[in-house]
Structure formats: structure tokens, C-alpha cells
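Report on one structure; see the data block that follows.
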Amino acid sequence: MDVHGRDLRYFAAVAEELNFTQAAERLFVSQPALSKQIRMLEKQVGADLFHRDRRAVRLTVVGKALLPHARGMLTAWEAAEAAVEEAKAAELHTLVIGMSTSPGRGLLPALRTRLVSRHPHARPVLRQVNWADPSAGLADGSSDVAFVWLPLPDGDRYRYAVVAQEPRLVALPQGHPLAARAAADSEGAVDFTDLLDEPFLALPPEAGPLRDYWLALDARDDSAPRIGAVVGSAEETHEAVANGQGVALLATGNASLVVRDEVIAVPVRGISPSRLAVAARRDDERPLVVAYLAAAAKVAAGTSRTETPP
């Protein structure tokens, strides 16, 4: 028996009104159409649901048996409809923000304020993503927008707003010989050429061009890096540096995530600055995504602009 929700709703209305005309008015349908639908339901059930005569309409034994179940199914369906609408509304207003580490720099509260001022019902949700995914969830669609380090693999898939451009530092164990050299330097820095023979901590191979960037391959000429260890988080980086497994390049704004206890960081001359961006998929034009990118460009104090790689 394949009964539609409409059939049960019509049946319940007649059962409660015990009057076809009044039930039809309540349902905003014609009385003949309602009577036809009830007859079709009775055919499917295989029994009369109502006793009809000129004076009254009464439920049959079968109709009385069906009524509480019909009401229960209608109530359950109403609850399902409400849940679906709630889920649709939540999806419409939720913005999943991917990141490999906290962006810091006051960016999250500043962007949230700008987003909510334009979209009061917006619900930003933060999502931590492993360093093996340089897109911070954009590539597989698990993030709507993301804080990413440039360059992005498959960069033409994304558009972005650069929110921070910072010199790169090198994290060293406190007793490392280069720490003393930096202390004696007038700028407190080391040259990248001083690091060429050092073992480096590397991102997982899946990070692609971002792994190459944090190994500074573009500044090595033909000198291949020595990999001391592979790291997937700020905590792993701190431990590996402290244990002497290798040195690691850091963005200035992220130094506080690694520098503590026996680990220090000093500026490095001879390599390009790091660039942190808020990115989204190029073809994603949902209002919250567009608004977050616009907010990112404005929060960058007028020095960043939304970019679409050629």
C-alpha cells in the first residue's frame, strides 16, 4: 500500500471535521476533489473509512484504527520538514573557515566583525586542517574559505586576498652556532647561504609547491636541501628543532607558535617574504564567501587586494 502524505492529511481533516464540506474548506480544495481522494484512499486500504449518509459522517472501525497512525505520521513528517528547513537555513548561513594553524594577527575577530556586519545571520565555523593539505580544505570542498600560505597548488582554481606579507625567520636550537652569528650581526640576522648545509624540517610531500617554498628551493640554485624530518604541525616543528633534527623557516607572525623553551628564531636575508592569504574556490560565488574575501581585502589595511591568478 503506497499512501501519500496528502492522502493522510485529507483523511485526518475529514475525520476531525466529520463533514466533507468543512474539511474541504479547511484544506482549500473542492469538496468533489476531496471526496474523490478519500475514495481512492479507501480503495488502497481495501475498506471503507467513513459511514456516509445524508445526516452525518462517521468513522468506520477501520477508520478509527487508521486515525491515530495517520496523525502520528503527519506529525513525524511535519517534524522532518522543520528539521530540513532548519538544516537548509544553517547551511545557508554557515561559513566553514579552514586553517592549518591559527592565523593570529587579529585576523579572525576582525574578519568576523566585518562579515557579521554585512550578514548578521552568518555563522563562521573554524576547521583545523593537517599541513599535508596546503589548500586547508578548499581542494576537497570541506572548507568554504581558508587561510593559506602562497603559493597554492593548482593556483588557478582559487582567488585570494593577501592579508599578511612578512619576512621569513629561521627557527634554531638555542645553542646553535648560527644563533651566536646572528647575535653578532648588526641586523641580528643570518644569510640564507649560511643555512645551505643545515638539515631542514619539511612539510609532508603532499604539500607540493608549499613544501618547496618553505625549503626555499628558489634560493638554493643547484643545492638540494637535506631533510632532517617531516613535520605536520607547529608542535612537531618545535619538538624537532629543540631536538636538533633540523632548522625550519617560519613566517614572522607564526614564530610564537614555535619559539619557546630551547627554540629561538632569527631573520634570514636572501629569501622572499611569506604571504598569508584568505582564499576561496574561483567558481564559488556564494554571498558569504564573497563577503569574507571582501572583508579580508579591507582588513589588510588597504595594502592587500583580491587577486585572481592568471
Side-chain angles (χ1 to χ4, degrees), residues 100-101 103-105 129-136 147-155 160 162-277 309:
S100 55
T101 56
R105 305 164 180 84
V129 182
N130 187 280
W131 284 8
D133 179 4
S135 77
F147 286 88
V148 297
W149 292 101
L150 302 180
L152 268 172
D154 300 322
Y160 49 80
V162 176
V163 291
Q165 182 164 299
E166 303 168 339
R168 283 186 280 179
L169 312 177
V170 62
L172 305 165
Q174 195 164 35
H176 195 285
L178 287 176
R181 185 179 299 185
D185 184 82
S186 60
E187 298 177 353
V190 296
D191 294 309
F192 184 69
T193 52
D194 296 331
L195 299 170
L196 290 178
D197 293 330
E198 296 291 330
F200 266 69
L201 304 182
L203 296 180
E206 299 93 319
L210 201 59
R211 172 187 166 105
D212 297 344
Y213 180 77
W214 290 106
L215 291 171
L217 292 192
D218 59 335
R220 290 178 179 271
D221 296 326
D222 296 327
S223 175
R226 285 201 298 135
I227 306 302
V230 175
V231 292
S233 69
E235 188 60 35
E236 288 181 13
T237 302
H238 168 80
E239 292 298 325
V241 173
N243 292 334
Q245 293 177 267
V247 302
L249 294 178
L250 308 170
T252 300
N254 279 14
S256 61
L257 300 175
V258 175
V259 174
R260 61 184 186 277
D261 303 331
E262 300 299 315
V263 176
I264 65 170
V266 299
V268 181
R269 289 184 293 256
I271 55 175
S272 60
S274 61
R275 292 195 299 163
L276 177 65

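Since the model is a prediction, treat every value here as computed from it, not as a measurement. Counting from 1, the numbers follow the sequence of the chain as shown.
- Atoms CG and CG, from D133 and L203 in turn, are 11.5 Å apart once rounded to the nearest 0.5 Å.
- Pairing each heavy atom of P167 with each of S274, the nearest pair is O-OG, 4.4 Å.
- Smallest separation of non-hydrogen atoms from S135 and L152: CA-CD2, 3.8 Å.
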Quick one, I227 with L215, criterion side-chain contact (heavy atoms from CB on, under 4.5 Å). Give me CA distance, side-chain angles, the key distance, then yes/no. CA-CA 9 Å; I227 306 302; L215 291 171; 3.9 Å; yes
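- Remark: D218 CG is packed, more than 12 non-hydrogen atoms of other residues, nucleotides or ligands lying under 6.0 Å away.
- Here the shortest heavy-atom pairing between A207 and P153 reads O-CG, 3.9 Å.
- The shortest side-chain heavy-atom distance between Y160 and L150 falls under the 4.5 Å cut-off.
- Within the 4.5 Å cutoff, no side-chain heavy atoms of P134 are placed close to those of V148.
- Atom CG of L276 and atom CH2 of W149 lie 4.5 Å apart (nearest 0.5 Å).
- With Y213 as the aromatic partner, R275 does not meet the cation-pi criteria of under 6.0 angstrom to the ring centre and within 45 degrees of the ring axis.
- For the atom pair CD (E236) and CG (L201), the distance works out to 10.0 Å, reported to the nearest 0.5 Å.
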Hey, can you pull the donor-acceptor pairs under 3.5 Å for the side chains in residues 264-271, sequence neighbours left out?
{"unit_1": "R269", "atom_1": "NE", "unit_2": "D191", "atom_2": "OD1", "d": "2.9"}
{"unit_1": "R269", "atom_1": "NH1", "unit_2": "D185", "atom_2": "OD2", "d": "3.0"}
{"unit_1": "R269", "atom_1": "NH1", "unit_2": "E187", "atom_2": "OE1", "d": "2.8"}
{"unit_1": "R269", "atom_1": "NH2", "unit_2": "D185", "atom_2": "OD1", "d": "3.1"}

Which donor-acceptor pairs under 3.5 Å do the side chains of residues 241-251 make with protein atoms, sequence neighbours left out?
{"unit_1": "N243", "atom_1": "ND2", "unit_2": "E239", "atom_2": "O", "d": "3.0"}

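- A salt bridge between E235 and R260 is present, with a side-chain N of the basic residue lying under 4.0 Å from a carboxylate O of the acidic one.
- Residue R181 holds its CZ atom at 9.5 Å from NE2 of H176, rounded to the nearest 0.5 Å.
- Between V258 and H238 the shortest heavy-atom distance is O-ND1, 2.8 Å.
- Rounding to the nearest 0.5 Å places CG of L172 at 7.5 Å from CD of E198.
- Between R168 atom CZ and N254 atom CG the span is 13.0 Å, to the nearest 0.5 Å.
- With no hydrogens or angles considered, no side-chain donor-acceptor pair links D221 and S223 at under 3.5 Å.
- Remark: R211 is not positioned above the aromatic ring of W131, lacking an NZ or CZ atom under 6.0 angstrom from the ring centre and at most 45 degrees off the axis.
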